Asker: 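This is the structure I want to talk about, given as structure tokens.
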Amino acid sequence: MTRTEKLLADLIALPSVNPAFAGQTPASARHARLEKFGEKNVAEFLASYSACAGLDVEFQAVLPNRPNLIARLRPRNKTRRTILLAPHLDTVNADDSHLIPRRKNGRLHGRGACDTKGSVAAMLGALCELAAGKARPSETEIVFVGLVDEENAQAGSRAFAKSKFKADLAIVGEPTRLEVVTAHKGSLWLEMETEGIAAHGATPQFGKNAVHEMARIVDWLQTDYAAKLRKRKHPVLGSPTINVGVICGGLQPNIVPDRCVITIDRRTIPGETEPRVKREIQQFLRAKGLSAEMTDKKMAPALPLETDHRLPLVQQFMKIAGQKKPLGVHFFCDAAVLSAGGIPSIVFGPGDVAQAHTSDEWISLAQLERGKNLLVKFLKSLP
Ligand SMILES: [Zn+2]
């Protein structure tokens, strides 16, 4: 068993389920397994692991009992650049069986194996290997930051970005099958509400049917508007999309409904801001004589990510990873938050997102080791 694999197995056995998912567990089970929620145990375990490896360790307070963990390897000389290794510490919900790491056919199974305890093990493993050896960069500081709350509202990366921490590149750990990703879509959740006039179902002519008005809006969103979005194309990410995911309206058959509500998921490409999206939808509604109230349903903005792949540090990393063209992914992550905070960010990590959030999450151990080795090679190549 390699050190990276051992570290990952220890991390899987130490649960860190995002407390936002506690409500999805039956109350009885929740009481018995309260300790599985929150990142504190993992953060403390990684703190002592890092301290033993000679790294400077500190916690950044984010939410009660849920700190970011920061571990630094300072260069011998004055710091001229800083590289951030930034995976998240939380996972989606887990059964007890997900918390027992199981090795089978070159894979390690368990909650967080690829999303993103695999990246934690590869990134911190690489940093510790560098700290133990002689060949460390002479003027580049390398900072590992284990972020909390990525799976819910990204409180960890938002607090980190707000702290005005400066870095020249952040490598955000997510399962990309060791591909270097420079772009992903953003996501807007908008609630739209139509207002009608209630009346007796036998005399609908005296009312105004909010469900009918919404039906026309839904039809437009899913046909004409979706077609319009398909014409908009980003070179790496393709087209933006729209999905009407929830609809709610009416009380009973013999009342003309005075209210109907939908929630839409609008995936955005770089350049599409929330005000712009709202404006284009409102403009259409006005033109058709329709009207709906629109409110943002996300707790925090989920912006698209687009980092210039021609940046020298990005080029250097892509070269070491053996990749010529920039890539995009469909999922949102901490990279967009750090990038909006002024740190050029890319996404990279072992594992495949196809296994993330599934009941049988696993990671390829060969990929885990290769990921750690690629990171060591990159970090050693820095001055
Ligand atoms: Zn995830």
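In what follows, residues are counted from 1 in the order of the sequence shown. Predicted model, so just to flag it, every value in this text is computed and none were measured. Read the numbers this way: they start at 1 and go in the same order the structure lists the ligands and their atoms.
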Asker: Do Cys260 and Glu213 have side chains that get closer than 4.5 Å, going by heavy atoms?
Answerer: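 No. Closest side-chain heavy atoms not under 4.5 Å.
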Asker: Would you give me the side-chain donor-acceptor pairs under 3.5 Å for residues 244-257, sequence neighbours excluded?
Answerer:
| unit_1 | atom_1 | unit_2 | atom_2 | d |
| --- | --- | --- | --- | --- |
| Gln252 | NE2 | Asn254 | OD1 | 2.7 |

Asker: Suppose we screen for side-chain hydrogen bond (donor to acceptor under 3.5 Å, both in side chains). Which residues come up paired with Asn105, at least two apart in sequence or across chains?
Answerer: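 Asn105: no side-chain hydrogen bond (donor to acceptor under 3.5 Å, both in side chains) contacts found.
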Asker: Centroid-to-centroid, Phe160 to Phe165, below 6.0 Å?
Answerer: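 That pair passes the under 6.0 Å test.
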Asker: Listing request: all ring pair (Phe, Tyr, Trp, His ring centres under 6.0 Å) pairs with a residue in residues 242-283, at least two apart in sequence or in separate chains.
Answerer: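 Pairs touching residues 242-283 that pass the test: none.
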Asker: Test Asn18 against every option in Asn152, Thr91, Asp149 by the side chain to side chain donor-acceptor pair (under 3.5 Å) rule and name the one that passes.
Answerer: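 Among the candidates, only Asp149 passes.
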Asker: Do any protein N, O or S atoms sit under 2.8 Å from the Zn ion (ligand 1), and which ones are they?
Answerer: Asp115 OD2, Glu151 OE1, Glu151 OE2, His357 NE2
